[in-house]
Structures are given as structure tokens and as C-alpha cells.
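Some notes on the structure that comes next.
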Amino acid sequence: MEKTARTAHSVVAAAREDARFKAVEVRKQDGVVEILWARSLPADSRTWTDFAAACGFATSADGRGESQRKYPASVVGLDSTGVAFYRISVPTVGADEMAAIVRMQAESLLPLPSDQIEVAWRTTPSTNGKIDITIAAARGEYLLRFADSVRSFRPNDILLSCEGTARAWRDFFSDREREALIASLGAENTQVCLVQNGLVTHAAVLDTGMNHLASSNDDAAPGQVMERFAQDMRTILGTFGWNESSDWPVLVLSDGTEVIDRVVESLSAAGLHARATTPRAHNVRMPSGFEMRHVYEYRVPLGLAMAALETPTQTLDLFERIKESDERKAKSIWNSVVLAGAAAAVMLVLLLIVWRSVDVSLAKRLDTQMADPNFQAARQRQVLLKTVARHRPDILQLLADLSAGQNAGIALDSLYFKKGQAVTIMGQAGNMDQMYTFQDGLREQRGIADVEIPNATRDPKTKKIKFTMTFHYKNYTKKDAVL
């Protein structure tokens, strides 16, 4: 991740939501926000590198290309479904002691060793003389994989998508409240944030989204889905500290569709102070064809862009230690290059001295061997052995290559391997991200090429993704294989 010490005048913000990559470029000048462009791509068969290229970021084959021109600052949103949020109250103590308390609390709440989790936190004043602390925690491995996958955007920061949602509500929607519960309905889930004085102080994700709520009209009891959703919302809000006497309004971000209106009615019937909030265009310039419904559609990247355009404040930065590690590695690599260069210079001088002394005698011995018929026969036999080895299938090595990639959550069921045909494997993954991560890992293996996914379906019983994947392995699977 790249770092910048000043506030950007324009920024590209990208996020993945509802099975699509979405990005915008936003500029802010003289108090006026200008949306320069917006782009999206289906995520089912694309990668972050593909999307970065579509957004104008030049990349090499491995997604780590150097820029061909000066790019604006960029920020990427991390899906909050992989992040756990907690809220605690502690007495007023020093910064070092508070950091220790936060770390200890996070370790006690998460069922993982401390070296496998990353923790971010920020404080907010409390009315009881204590300090309220919002904690965000996630698996370090999950964060590392994500940071590596978005390198092609060269992001200055990676922010939580829920913070983008909260900022979008503040800058692009109609209702303004000092404290509010913000509900953002996606296709498969709903992001719920408690926002106090402009900051997310608690967040959670419900596994019910627009697809479930919109299809409830086709059910035998259409009201049951809505009622269950409303009860789940009450449960989530209870964990935030809400009760019957709380005056927090529940604001549902809306594009004006009937489904969201029915959601608001259901939440109100369940005793929540719910209402819909729609996009507005105060001091916002938009490109031709970009309408209010697009503000709703691109709400997360728009919010991320607005957050990045301001002087950094208290952000929940889960990637702080990862950035520090990258910087240490970069310095270590540079020092190694300097030392290696000095050593190489010394070795070159020695090599020239040795080469001059042996060159004459070596030439004479080589001429004698080349004239020997046995030497020529052995040489031809070695060429034949190399040709055979190049075309011979190495099943054990192939299995090792399959196991060497990113295969968390992957279970392989079968493997089909035949001369002159692409290798076919069938298996299952816990979700689409695991499948695509496995595909990307295979593409990085030497000797494996043209990795494709001709079929991927979700098993209705196990909810796992069953997939078929094909690829070419060395020269053996090519149509012109001769052995």
C-alpha cells in the first residue's frame, strides 16, 4: 500500500459488493463534490487486477505493474462480513495501558491465537465518566490475502466498507442525525451500523438481503420473511445497547423501491423508529447519465472516496501492522541489493582472473572430446532423454502443485488427466471467494496455464460451491503432445 502525507484533491475508490466490483473517481474543490466517473464489473469471473485495468490502472501479468502515468490517490473497501466488531467501556487510562486493555479484550473475545489476529480500535467519550472503545478484529491471513489481491490498485489506504456506508449516508442522503442506526441492504446480506457523531461505533451483518426480501411475495406466507428480518434487526440492535427507551432512529438507505418501503413498514411494526432515507444532490456534480439511483448503487465507493478526501482522522486501520511489515521488507530488500552488488563486484574481478587462466586449456580439452564418437553418441542420448522427460506426465508433481496454492476451504473430489487434453478437476469450496483464490493460486504455479472455471454452482443442501476447473499442465496436455 502506498502512503501519502497530504489530503488528495481527487481519489479513486473501489469496493466489491453484490457480486460486482464498483469504483468511482471523486474530486472535491471549493466545497463542491464532483463525481468524475463510475464503473462496475461482474465479480464472478473477474479479479481485482482485471477491474484495476478497466479503471485505467496499468498492471503487468502478475498485477504488480508500475504506473505508466501519474495516478490519483486510491482507496479500497474491505467487506465488513469478515470483520468482528465489539464495544467496551474502560476507565480513563494512558494510551499504552489502553492499548494493552484492548488487545487483551480482543484476545478473550476471539477464538484465535493473538499472533493470528489484527486489531484496530478508537475511543469515543462516554456519559458515565468512562471511555467507550470500538474494536474491529479480523484474521491476519484474511487481511494479507485481501491486501495482496488489491495491489493492482496501489491503494493509499484500505478502509472498512461499513465506514464508507456511514460516510455516504452523511454526505449523499437526505436525513441527518447525531446518532442513528444505518441499514444498507445488499443482494444477499444487510449491513447495520451504529453511527454516533459521524463515526461507526458498532457494526454487524445480517444474512438476509434484497434477494430474500423481494422474493418473499412468492412464498406461501410472504410476511414471515419480513417479520423474521425485523426480529433479527431487534436482536442485532440489542447487542448494540438499544432498548425500548432508546431514541436511535433506524435509517434504511433506499433507492425508492417498493421492497425497501415494505422493509421500513415491517421494522416500524416491530417497534423500531424506522424510516427510509433517499439520495440527494446538494453541491454534487455528476457525469452525464449518472442519476440519483446511481448514487444509491455506488454508495459504498462514494463514501470511501469522501473519507479519503479529508484529512485522516480516527480510522479503524486493520492493515497498520501489514503496512509496517511491507515497509520493513522493502528496506531489507534494498539493503540486500546494495550488499549483493558490492559482493558481485568483488566476485567479478576474481572471475575474470580465473577465467583468463583456464580458458586456453579448456578450449583444447573441448576440441578433443568433440572429436570422440562416444562423446557424440552420449550427447545425442542426453538430448533424447530431455525430450522424453519434457513430455512425460509427472502426476506426483501435479498433485504437489495443486496443494501448493491458496487452497483454504477447498476439497477436491476428482482429477481427470489424459494426454493431449486439458486436466479437469472437480471439487467444492465454502464460497465463491475461496474458489477464485484457488484459481488465482493455480495460475501462479509454474507449468500450469489457461486455468478456467467452466462450471460453478451452489449446492442447495450444503450451501457449498461445487465447481469444475480445467487447465493445461506443461506440454503433456497440449494437442501436439507426441509421447
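Scope of the values below: all heavy atoms of this structure, side chains included, with no hydrogens, waters or symmetry mates.
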Heavy-atom closest contact ([X] atom, [Y] atom, distance):
X: Asn431; Y: Gln434; answer: OD1-N, 2.8 Å
X: Ala14; Y: Ala23; answer: CB-CB, 4.0 Å
X: Val225; Y: His212; answer: CG1-O, 3.9 Å
X: Ala136; Y: Phe85; answer: CB-CE2, 4.0 Å
X: Phe467; Y: Ala429; answer: CE2-N, 3.9 Å
X: Gln191; Y: Ala204; answer: NE2-O, 3.2 Å

Looking at side-chain heavy atoms only, is the closest gap between [X] and [Y] below 4.5 Å?
X: Leu302; Y: Leu304; answer: no
X: Asp79; Y: Arg16; answer: no
X: Gln196; Y: Trp248; answer: yes
X: Met469; Y: Val451; answer: yes
X: Arg299; Y: Phe172; answer: no
X: Glu118; Y: Arg321; answer: yes
X: Phe229; Y: Thr190; answer: yes
X: Phe290; Y: Val284; answer: no

Exercise. For Leu272 and Leu237, run side-chain contact (heavy atoms from CB on, under 4.5 Å): C-alpha distance rounded to whole Å, both residues' side-chain angles, the deciding distance at 0.1 Å, then the answer.
Key: CA-CA 10 Å; Leu272 303 177; Leu237 302 188; 3.9 Å; yes

Exercise. Take Arg87 and Ile135 through the test side-chain contact (heavy atoms from CB on, under 4.5 Å) and record every step on the way to the result.
Key: CA-CA 6 Å; Arg87 198 178 184 195; Ile135 302 174; over 6 Å; no

Exercise. Step by step, work out the side-chain contact (heavy atoms from CB on, under 4.5 Å) result for Val102 and Val119.
Key: CA-CA 8 Å; Val102 169; Val119 175; 4.0 Å; yes

Quiz item: Honestly, is Arg39 close enough over Trp37, meaning NZ or CZ under 6.0 Å from the six-membered ring centre and within 45° of the axis?
Solution: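 Pair Arg39/Trp37 counts as cation-pi.
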
Exercise. Anything under 30° is parallel, anything over 60° is perpendicular, the rest tilted; go ahead and classify Phe153 against Trp48.
Key: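 If you compare the ring of Phe153 with that of Trp48, the planes turn out perpendicular.
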
Exercise. Please lay out, stage by stage, how Lys466 and Asp459 fare under the test salt bridge (charged side-chain N to carboxylate O under 4.0 Å, His left out).
Key: CA-CA 7 Å; Lys466 291 193 173 182; Asp459 190 302; 3.3 Å; yes

Exercise. Look at atom CZ of Arg280 and say whether more than 12 heavy atoms of other residues, nucleotides or ligands are closer to it than 6.0 Å.
Key: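 More than 12 heavy atoms, drawn from other residues, nucleotides or ligands, come within 6.0 Å of this atom.
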
Quiz item: Is the count of non-hydrogen atoms from other residues, nucleotides or ligands lying under 6.0 Å from Asp207 atom CG greater than 12?
Solution: no

Quiz prompt | Phe240-His202 aromatic ring centre distance below 6.0 Å | solution = yes

Quiz prompt | Test side chain to side chain contact (heavy atoms under 4.5 Å, CB included) applied to Asp175 and Thr277, Leu253, Ile182, the passing residue | solution = Thr277

Self-check item: Derivation and outcome, salt bridge (charged side-chain N to carboxylate O under 4.0 Å, His left out), residues Arg170 and Glu163
Solution: CA-CA 11 Å; Arg170 195 184 93 174; Glu163 302 225 76; over 6 Å; no

Quiz item: So which of His294, Glu297, Arg20 actually passes side-chain hydrogen bond (donor to acceptor under 3.5 Å, both in side chains) with Ser40?
Solution: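 The side-chain hydrogen bond (donor to acceptor under 3.5 Å, both in side chains) with Ser40 is passed solely by Arg20 among His294, Glu297, Arg20.
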
Exercise. Apply side chain to side chain donor-acceptor pair (under 3.5 Å) to Asp255 and Thr257, showing your working.
Key: CA-CA 6 Å; Asp255 59 352; Thr257 59; 3.1 Å; yes

Quiz item: Checking salt bridge (charged side-chain N to carboxylate O under 4.0 Å, His left out) for the pair Arg275/Glu265: CA distance, chi angles, key distance, verdict?
Solution: CA-CA 8 Å; Arg275 64 179 184 268; Glu265 292 175 2; over 6 Å; no

Quiz item: What do the steps show when you test Arg228 against Asp232 for salt bridge (charged side-chain N to carboxylate O under 4.0 Å, His left out), and what is the final call?
Solution: CA-CA 6 Å; Arg228 186 167 62 249; Asp232 289 344; 5.2 Å; no

